[in-house]
Structures are given as C-alpha cells and as structure tokens.
There are 2 protein chains.
Amino acid sequence: MTAVSDTLTRSVEDYLKAIYRLSSDIRPASTSEIAQHLALAPASVSGMIKRLSEQGLLEHERYRGVQLTPEGRRVALRMLRRHRLIESYLVAALGYSWDTVHDEAERLEHAVSDDLVERMADALGNPRVDPHGDPIPSPDGSVPETVEVALTDMEPGHSARIHRVRTREPEFLRHLADLGLIPGAHITLRDRRPFLGPITVETDQATHVVGHELAAALLCAEEES
Amino acid sequence: MTAVSDTLTRSVEDYLKAIYRLSSDIRPASTSEIAQHLALAPASVSGMIKRLSEQGLLEHERYRGVQLTPEGRRVALRMLRRHRLIESYLVAALGYSWDTVHDEAERLEHAVSDDLVERMADALGNPRVDPHGDPIPSPDGSVPETVEVALTDMEPGHSARIHRVRTREPEFLRHLADLGLIPGAHITLRDRRPFLGPITVETDQATHVVGHELAAALLCAEEES
DNA sequence: TTCTGAGTTTAGGCTCGCCTAACTTATGAC
DNA sequence: GTCATAAGTTAGGCGAGCCTAAACTCAGAA
Ligand SMILES: [Mn+2]
Ligand SMILES: [Mn+2]
Ligand SMILES: [Mn+2]
Ligand SMILES: [Mn+2]
C-alpha cells in the first residue's frame, strides 16, 4: 500500500495546490500562471509539469496548459483540508489572528500526519470553513458548494452576509478586520460607482467607502432585505 | 539579520541534534555513530561533516570525530526544545499517547516557527520536561541539570522516583506504561541479579521482575527511604 | 616494527528542484 | 497569409543530499 501521496515532496504538494486553484474544468492552468503563483521561473514549472504528468497527477497539453487528474485533485484537496484546518486550529486553539496563520500553515501542511489533522478537526468540532471563510474539504475530498457573489457584483440596496475573504496579505486582512468586514458580518451595499470606482458599504456598526479591489475580495451570500 | 538558523535544512537540523546526543565535552561523535543514528551511509555523513564544519557548526578532527561549536550547540538545543515541546503539546492538548508522539515531533520540529513553539509552551504553562521526562531546554539554550541514576546502578532496598525514560520505541514505551514505570512513579529496587540479570522493582501498585535492558532505560532520582 | 582490518574519507553517480539562456510554438495584428 | 511577439519548452548548470565502491588512516596484534 504505497499510495502516491506517501512519496510526494513539499514542492509537488504546493504545485498541485496551485494548479487546483488556477485551473477549472473548462480552463487549464498555464505554465506562466503557475510560475507566477509559486514565484518560480517558467522553465522550472515546465520541468515539474513533465514529471507530474508522467506520474499521472496531471494532464498536459503542450503549449496549452495543465489540468489535474482525479489523483492529482485528490492530493490537492487533501492539502487544502490540511491547510485550512491548521489555520482554523491555530486561530481557535493557540490565539493566532487571521492575518498570521497562512505562512505557518503553508509549512505545517507538509509536516502533519493525517492523524494529527483529524485530531485538530475533532478538537474544533469539525469546522466547515476556515478563518477566511474558505470551505474545508472533507476527508473524502468533497467540497461544499456555496453560492457566492463578489461585493462588486451586487446591486445597490441589497443586503448580504460576508462568506469569504479572497486574500492572504496580512495588511489587507488586518484592514478588513478593522472595518468589520469579516466572514459572518452582515452588510448592505449602498453605492457603487462605475469604472471600478469606490463602493459604499454599510455594516451593522458603520458605513465605509472602500476601493473596488477591496470589495472584489469580499465574497458574499445575498439575503432578503 | 540572517541568522545561521534561518538557512538550515531539515537534514542539517537532524545532524546537529544527533551530534549533540552522541558527543560530549570529553568525547567526540564518530562518523559511523552518526551514520548509524541517522540510518545513513558513513560516506554521506563524511560529506555533511565537511559542509557543516566549513559553516562553523562543528569542529572536525579527521579520523577522530566531531564536536559541536557553540553555534552548532545553539541550533541543536533549539531543535531539542522544539521537539520536546511539540511532544508535550501533542500529549497534553491533542490526546496523543507518549509512544506515538516521537515521529510526529521529528517532522514538525522542522516546520514550526519560534512563535508557534512559544505559544504551545505558554498553553502548557511552560513545562520543564517532556512526556518521557526529558528536560526541555529554555529558549536561551540552557538545560536544567539533574542528578539521575539508572535503575541498574541503584542499590537493592533503595527507593527512587522515575525521572526519565531512555527509549523512543513505541512498543517499549507501551510496555513501560503497562507496568506503571513512567516518569513520576515511585519505586523501590528489591533485587538485582549479577551478569546483567533480571531486576526486581516494586511500584506503588505491584512488583515486577524486569530485564536488565529495560531497567537501564529508567533514569531515576534516589529518595530517602 | 610491521601488518592488517575497522573506521573514515574520497570519487563518482544519482534524483530533486531550482536557475538562465536559447530555442520553438501559437497567436493575433496587419 | 505573413510575421512579430508572447508564451512555453529544452538545454545545460548548480547545490543539497543521498548512494556505492575504492582508497586511505591508524591503532592494535603479532
Ligand atoms: Mn505549502
Ligand atoms: Mn485560509
Ligand atoms: Mn527531525
Ligand atoms: Mn521525548
């Protein structure tokens, strides 16, 4: 029983996670995208792609990009579960703040055993989302689907609950927390200026005018007003 | 501020830990000892020794062995603190048993940040020994000295408290726990047969006749009877 | 005092994972 | 339809970290 996942290096695990994020059923991930995401030279990525497709972890169409095989996806989701549970555990059990957990999890995800991950999950009561609102894949690799809309795509006057925050930058995360724009917060879109202009959003505590980029990072579930 | 410890690989950290264990002020660690301890070929160890002595982490006298420099010792003690605190945390916070924590700690020690280690220490109230009774070096690298004697070196009739258990083998550890021979246990040596013969030891619960090897793994602090 | 064998080192080879430089392919502007 | 250019691939190199095989060192036995 030498499962593929027993022999994977840290690099390989991070490649597969990156490709999972960057590709979809309809769109492969390009070499340069992957290189950018992992801060590597495109040539290095080409080399790794060759190895991983020979190992059956991804499908490569030359000059077109890559997609994960079912096996590759399995590994990616396993890493994602680890990463997000570790983040959750650090926040809930060790007093970390949501802007500092990512780097720690990025390393620990490769070092923990399945046993440890499940113990952390149990200790937390098997949470379904991590501190940033990202869904935690189940051990069998299923990811709960949710209907989410970016704050930039909502209509003025509509209300919603913030589900998820799409950034890992500590400064950005601290700023969002300062504004009360965190997962679970109830908000109403008050105004939206055209041409990527500022957005006025009301929380239960205050009203903020924020930039388009910030608003685009907030994924929300719309609610009846 | 590029401290040496920022650029060390997992391998290097494990080498330094091994050399810390195998050498003393009066006795260097030999190539073959290190190779044995890390399950590597002696030739591989020779190569690494060359690199590490060039980096100033150890002193090498050709054909004689190695000793840590102060810098090398600093790194080794930092790893030992990590290892033992991780073991302690896994047992105290996540329900691990003392026979299963070692392998997990052996990997995690290389992945955790100083911040995380100190958070775990705080969560546990800064313990001074790990689940096996091994002392946890302080952040500044000092190790509490204790007077310990192996059960095999005690005189019949004398009483003691078990301080420390010198093994990492899960089966051995489970057996010791079954017999109640764990750190903190109060014991009295009843009989000691010559020529590495069996040893009769009495705990507060029962009396056991154990082999010499087992008794040699129990480090005790003698008490007045 | 020589010799021999255990222990140590060197030499050479391998994979992984990265790099830069040079080349190849696909694409879309014309 | 050509062709410039962006994107992708190949070629070659390097360090880390391991290996085996061969050469060397040294201490103790003869
Ligand atoms: Mn990672
Ligand atoms: Mn997250
Ligand atoms: Mn280790
Ligand atoms: Mn221990």
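Proteins come first, then strands; the chains are lettered A, B, ... in the order of their sequence lines, and each starts at number 1.
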Worksheet item: Between atom CG in Asp14(B) and atom P in dG17(D), what is the gap in whole Å?
Response: 11 Å
Worksheet, complete the sentence: Numerically ordered, the residues 47-57 of chain B set in heavy-atom contact under 4.0 Å with DNA chain D is Met48(B), Arg51(B)
Worksheet item: Thinking salt bridges, do Asp103(A) and Arg107(A) make one under a 4.0 Å N-O criterion?
Response: no
Item to complete: May I ask you to evaluate whether Tyr15(B) reaches the phosphate of dC18(D), defined as a side-chain N or O under 4.0 Å from OP1 or OP2?
Response: yes
Worksheet entry | Nearest-Å distance for atom pair CG/P, residues Leu58(A) and dG8(D) | 15 Å
Fill in: salt_bridge(Arg174(A), Asp178(A)) N-O dist < 4.0 Å
no
Discussion item. Tell me whether Glu71(A) is salt-bridged to Arg74(A), with the criterion being a basic N under 4.0 Å from an acidic carboxylate O.
Written reply: yes
Worksheet item: Under a 4.0 Å N-O cut-off, is there an ion pair linking Asp114(A) with Arg78(A)?
Response: yes
Worksheet item: Looking at Tyr20(A), does the NZ or CZ of Arg73(A) lie under 6.0 angstrom from its six-membered ring centre and within 45 degrees of the ring axis?
Response: no
Worksheet item: Would you call Arg81(B) and Glu118(B) a salt bridge, taking side-chain N to carboxylate O under 4.0 Å as the test?
Response: yes
Discussion item. How many whole angstroms separate atom CG of Leu40(B) from atom P of dA16(D)?
Written reply: 17 Å
Worksheet item: For the residue pair His102(B) and His132(B), is the inter-centroid distance of their aromatic rings smaller than 6.0 Å?
Response: no
Worksheet item: Under 3.5 Å, is there a donor-acceptor pair linking the side chains of His37(B) and Glu33(B)?
Response: no
Worksheet entry | Residue met sooner reading DNA chain C from 5', once Arg10(A) and Arg62(A) are mapped to nucleotides | Arg10(A)
Response to the item:
Note: for Ser11(A) and Tyr63(A) on DNA chain C, the residue whose nearest nucleotide lies more 5' is Ser11(A)
Discussion item. Any side-chain N or O of Ser44(B) below 4.0 angstrom from OP1/OP2 of dG17(D)?
Written reply: no
Worksheet item: Side chains of Asp99(B) and Ser97(B): donor-acceptor distance under 3.5 Å anywhere?
Response: yes
Fill in: Lys/Arg N to Asp/Glu carboxylate O, Arg10(A) vs Glu13(A), below 4.0 Å
no
Item to complete: Looking only at non-hydrogen atoms, find the nearest pair between Pro137(B) and Pro135(B) and report the distance.
Response: CD-O, 3.4 Å
Discussion item. Under 4.0 Å between a side-chain nitrogen and a carboxylate oxygen: does that hold for Glu106(B) and Lys17(B)?
Written reply: yes
Worksheet item: Among side-chain atoms of Glu171(B) and His175(B), is any donor-acceptor pair under 3.5 angstrom?
Response: no
Worksheet item: Where does DNA chain C form stems of at least three consecutive Watson-Crick or G-U wobble pairs, each pair having both distances below 3.5 Å?
Response: C:1-30 with D:1-30
Discussion item. Does this structure show an ion pair linking Arg166(A) with Asp134(A), if we count only N-O contacts that are shorter than 4.0 Å?
Written reply: no
Discussion item. With a strict under 4.0 Å distance from non-hydrogen atoms of chain B, what nucleotide opens and what nucleotide closes the contacted stretch of DNA chain C, reading 5' to 3'?
Written reply: dG7(C) to dT10(C)
Worksheet entry | Proximity to DNA chain D (any heavy atom under 4.0 Å), residues of residues 18-37 of chain B only | none
Discussion item. Restricting to side chain to side chain contact (heavy atoms under 4.5 Å, CB included), what partner residues turn up for Glu169(B), sequence neighbours left out?
Written reply: Thr167(B), Phe172(B)
Item to complete: Please round to the nearest 0.5 Å and tell me the distance separating atom CZ of Arg27(A) and atom CZ of Arg64(A).
Response: 13.5 Å
Quick one: which protein N/O atoms are closer than 3.5 Å to N/O atoms of nucleotides 3-5 of chain D? Pair and distance per line, please.
none

